[in-house]
A.B. asks: 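Sending over a structure as structure tokens; questions will come in a sec.
Computed from heavy atoms alone, side chains included, the values below leave out hydrogens, waters and symmetry copies. Just so you know, ligand 1 is whichever comes first in the structure, and atom 1 is the first atom listed for that ligand.
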Amino acid sequence: MIQGRKILIGVGGGIAAYKVCEVVSTLAKAGAEVRVIMTDRAQQFIPALTLATLSRHPAYTDADFWQPHSRPLHIELGEWAEVFLLAPLTANTLGKLVYGLADNLLTNTVLASTCPVLVAPAMNTDMWEQQSVQRNWQQLQTDSRYHAIDPNAGILACDRVGKGRMAEPAEILSHLESLLWTGGKRDLQGKRILISAGGTREHLDPVRFIGNPSTGKMGIALAQAALHRGASVTLVHAPMESGLLAPLTNIRTVPIGSAAEMQQSLQQEMLQADWIVMAAAVADVRPAEYHSEKLPKRSLPDSLALAAVPDIVAELSQQKQPHQKLIGFAAQTGDILPPAMEKLQRKNLDVIAANPVDRPDSGFGSDRNQAVFLDRSGRKQILDPCSKLVMAHALYDFVNDCVIQTS
Ligand code: C5P
């Protein structure tokens with residue numbers, strides 16, 4: 001998705017500018033063509049040489065703006081960009097964008113471009129919370145060109161603890177990847193999407209459980225892709241690494257542990273959902289008995305009596321309303337197609353995404369995946385190895401086509 005794509009990055013004057021170095025570096029390594037514009041103040045935080053070296057191209061400043069070019073620089077750059085990232089977005093530049101002001105290379109290029117603009121503000125909490133800044137922030141988002149990443153809360157460079165930290169590079173990068181896929185369209189706006197993620201844990205006692213290697217990465221990618229396309233997203237997730245969950249802003253998260261807890265949460269959440277995407281690796285069995293105190297080693301049974309876990313997705317399909325779509329995943333080894341077809345029918349799903357878990361470059365824990373999508377009308381799409389975010393977008397496109405066909 002990123003290879004060969006034209007990404008323009010406008011850097012504002014804030015300490016979070018140092019995080020943009022990682023964004024630029026990651027994009028350049030992934031084969032993107034990156035051009036950087038820096039405001040005068042941005043250069044007081046990081047030298048233009050740093051971003052020039054990382055992007056493999058001179059970084060543009062206002063000094064370049066006022067030089068003669070064959071065509072005006074802001075027009076050249078504006079027409080060139082497929083996507084424009086503004087990070088960190090300062091209160092000053094935010095205000096200028098809202099009022100269509102252009103007094104430097106960065107703001108002139110915004111006005112001279114038509115591509116989607118991703119904006120990642122960063123500032124001190126009091127600055128962020130000013131009525132004027134909040135009003136501008138809301139106003140900017142009424143313009144569909146702008147895609148917003150809210151700042152996170154945490155420790156700020158001014159020692160304040162509060163909202164104002166720029167979104168982490170990983171979150172910015174995934175949003176850029178989404179915009180390159182969608183071209184900025186928000187075709188899931190107004191949709192409420194419920195996603196399950198991660199591997200459930202079926203406890204024998206407080207410290208021992210039956211689990212599986214699912215990390216929840218596919219579910220997180222599904223949540224991000226849906227959010228980036230304008231949906232409101234709820235993620236019901238089994239325990240997962242905090243680093244994976246931390247960068248998720250504007251996604252409602254509901255933590256659960258066992259399949260029974262997941263079932264309860266999903267049944268409740270399903271009432272307010274349009275699409276339900278079951279990407280969780282839910283246990284099929286649990287220990288028949290639960291001990292509330294940790295069992296001493298000597299008391300551990302030689303063999304474990306198991307009880308079946310109800311098939312959550314099959315149960316949800318019974319309660320499904322006509323406007324709802326139910327999408328399941330099938331993690332398979334060997335030939336993935338026959339079992340996926342069988343699960344599509346047996347679990348009464350609208351769409352199933354079958355993905356191999358016995359091949360390199362896909363499945364549990366990998367950042368990449370591959371799949372076959374099937375729907376009830378017999379449509380089939382094979383997806384070659386790609387990032388989990390790209391797979392999430394391809395799946396939503398497939399479900400959208402399925403909605404068009406059935407309506
Ligand atoms: O485990 P299985 O391969 O049957 O999973 C296929 C689909 O069924 C997945 O979407 C999974 O989340 C769902 N499932 C479920 N409840 C279970 C087992 C699986 O909803 N107990």
Side-chain angles (χ1 to χ4, degrees), residues 193-203 209-223 225-226 234-240 254-270 273 275-288 306-320 324-359 362-365 369-376 383 388 391-392 394-396 398-399 402:
I193 301 191
L194 174 61
I195 296 160
S196 75
T200 61
R201 292 179 177 183
E202 310 306 319
H203 278 266
F209 59 83
I210 300 176
N212 63 67
S214 169
T215 54
K217 283 184 180 176
M218 189 64 232
I220 286 180
L222 285 158
T234 301
L235 182 71
V236 174
H237 67 88
M240 57 175 80
V254 182
I256 55 91
S258 65
E261 286 167 17
M262 178 165 274
Q263 180 180 25
Q264 209 183 5
S265 291
L266 288 177
Q267 263 167 354
Q268 206 177 327
E269 299 291 341
M270 185 191 178
W275 291 2
I276 302 108
V277 190
M278 285 287 295
V282 187
D284 300 302
V285 290
R286 61 175 173 81
L306 299 174
V309 161
D311 194 317
I312 303 173
V313 77
E315 283 193 357
L316 296 182
S317 80
Q318 306 295 316
Q319 296 152 28
K320 195 180 77 159
Q324 294 181 311
K325 293 275 169 221
L326 194 53
I327 299 121
F329 270 72
Q332 300 294 157
T333 55
D335 187 1
I336 61 175
L337 211 49
M341 281 172 162
E342 185 270 329
K343 276 180 195 170
L344 180 77
Q345 298 302 332
R346 176 165 51 85
K347 297 180 184 242
N348 198 20
L349 298 164
D350 294 288
V351 169
I352 194 156
N355 62 299
V357 288
D358 57 352
R359 292 182 210 166
S362 69
F364 296 128
N369 215 347
Q370 52 187 303
V372 182
F373 303 150
L374 303 171
D375 75 4
R376 300 189 76 76
L383 195 72
K388 285 187 168 170
M391 176 158 149
L395 179 61
Y396 291 139
F398 189 83
V399 179
C402 160

A.B. asks: Does A259 come within less than 4.0 angstrom of ligand 1, counting non-hydrogen atoms of the residue?
C.D. replies: no
A.B. asks: Between K343 and V313, is any pair of side-chain heavy atoms under 4.5 Å apart?
C.D. replies: no
A.B. asks: Any chance you could measure I210, atom CD1, to R201, atom CZ, to the nearest 0.5 Å?
C.D. replies: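 These two atoms lie 13.0 Å from each other.
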A.B. asks: If we only count N/O pairs under 3.5 Å, is K343 in contact with ligand 1?
C.D. replies: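 Between K343 and ligand 1 (N or O atoms, distance only) the closest approach is under 3.5 Å.
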A.B. asks: Distance from L344 atom CG to D375 atom CG, nearest 0.5 Å?
C.D. replies: 7.5 Å
A.B. asks: Step through the shown structure and confirm whether more than 12 heavy atoms of other residues, nucleotides or ligands are within 6.0 Å of CD on Q264.
C.D. replies: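 12 or below, so no.
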A.B. asks: Under 4.0 Å, counting heavy atoms only: does A279 come that close to any atom of ligand 1?
C.D. replies: no
A.B. asks: Just verifying a value: how many Å separate I220 CD1 and T215 OG1, rounded to the nearest 0.5 Å?
C.D. replies: 7.5 Å
A.B. asks: What part of D284 sits under 4.0 Å from ligand 1 if we count only heavy atoms: the side chain, the backbone, both or neither?
C.D. replies: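 The answer is the side chain.
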A.B. asks: Looking only at distances, please establish whether an N/O atom of ligand 1 is found under 3.5 Å from an N/O atom of A281.
C.D. replies: no
A.B. asks: Tell me the protein heavy atom at minimum distance from atom 7 (C) of ligand 1, and give that distance in Å.
C.D. replies: F329 O, 3.0 Å
A.B. asks: What is the distance from atom CD of Q263 to atom CD1 of I256, rounded to the nearest 0.5 Å?
C.D. replies: 11.0 Å
A.B. asks: Tell me the nearest of V282, V313, L349 to atom 17 (C) of ligand 1, using heavy-atom distances.
C.D. replies: V282
A.B. asks: As an exercise, state the distance from CD of E269 to OG1 of T234, rounded to the nearest 0.5 Å.
C.D. replies: 5.0 Å
A.B. asks: Starting from atom 15 (C) of ligand 1, which protein heavy atom do you reach first, and at what distance in Å?
C.D. replies: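 Result: D311 OD1, 3.5 Å.
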A.B. asks: So, taking the atom named CE in M278 and the one named CG in L266, what distance separates them when rounded to the nearest 0.5 Å?
C.D. replies: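 Between atom CE of M278 and atom CG of L266 there are 5.5 Å.
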A.B. asks: Give the single entry among G328, A280, A353 that approaches atom 11 (C) of ligand 1 most closely by any heavy atom.
C.D. replies: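 Nearest heavy atom to atom 11 (C) of ligand 1 lies in A280.
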A.B. asks: Does at least one non-hydrogen atom of P310 fall below 4.0 angstrom from an atom of ligand 1?
C.D. replies: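 It does; at least one heavy atom falls under 4.0 Å.
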A.B. asks: When you measure from atom 8 (O) of ligand 1 to every protein heavy atom, which one gives the shortest distance, and what is it?
C.D. replies: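 Looking only at protein heavy atoms, the one closest to atom 8 (O) of ligand 1 is K347 NZ, 2.9 Å.
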A.B. asks: Starting from atom 16 (N) of ligand 1, locate the nearest protein heavy atom and write down its residue, its atom name and how far away it is, to 0.1 Å.
C.D. replies: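 It is I312 N, 3.0 Å.
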A.B. asks: Consider side-chain contact (heavy atoms from CB on, under 4.5 Å). Of I193, V277, I327, which one does V399 pass it with?
C.D. replies: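 The option that passes is I327.
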A.B. asks: Pull out every atom of ligand 1 sitting under 4.0 Å from any heavy atom of V309, numbered as shown with elements.
C.D. replies: 21 (N)
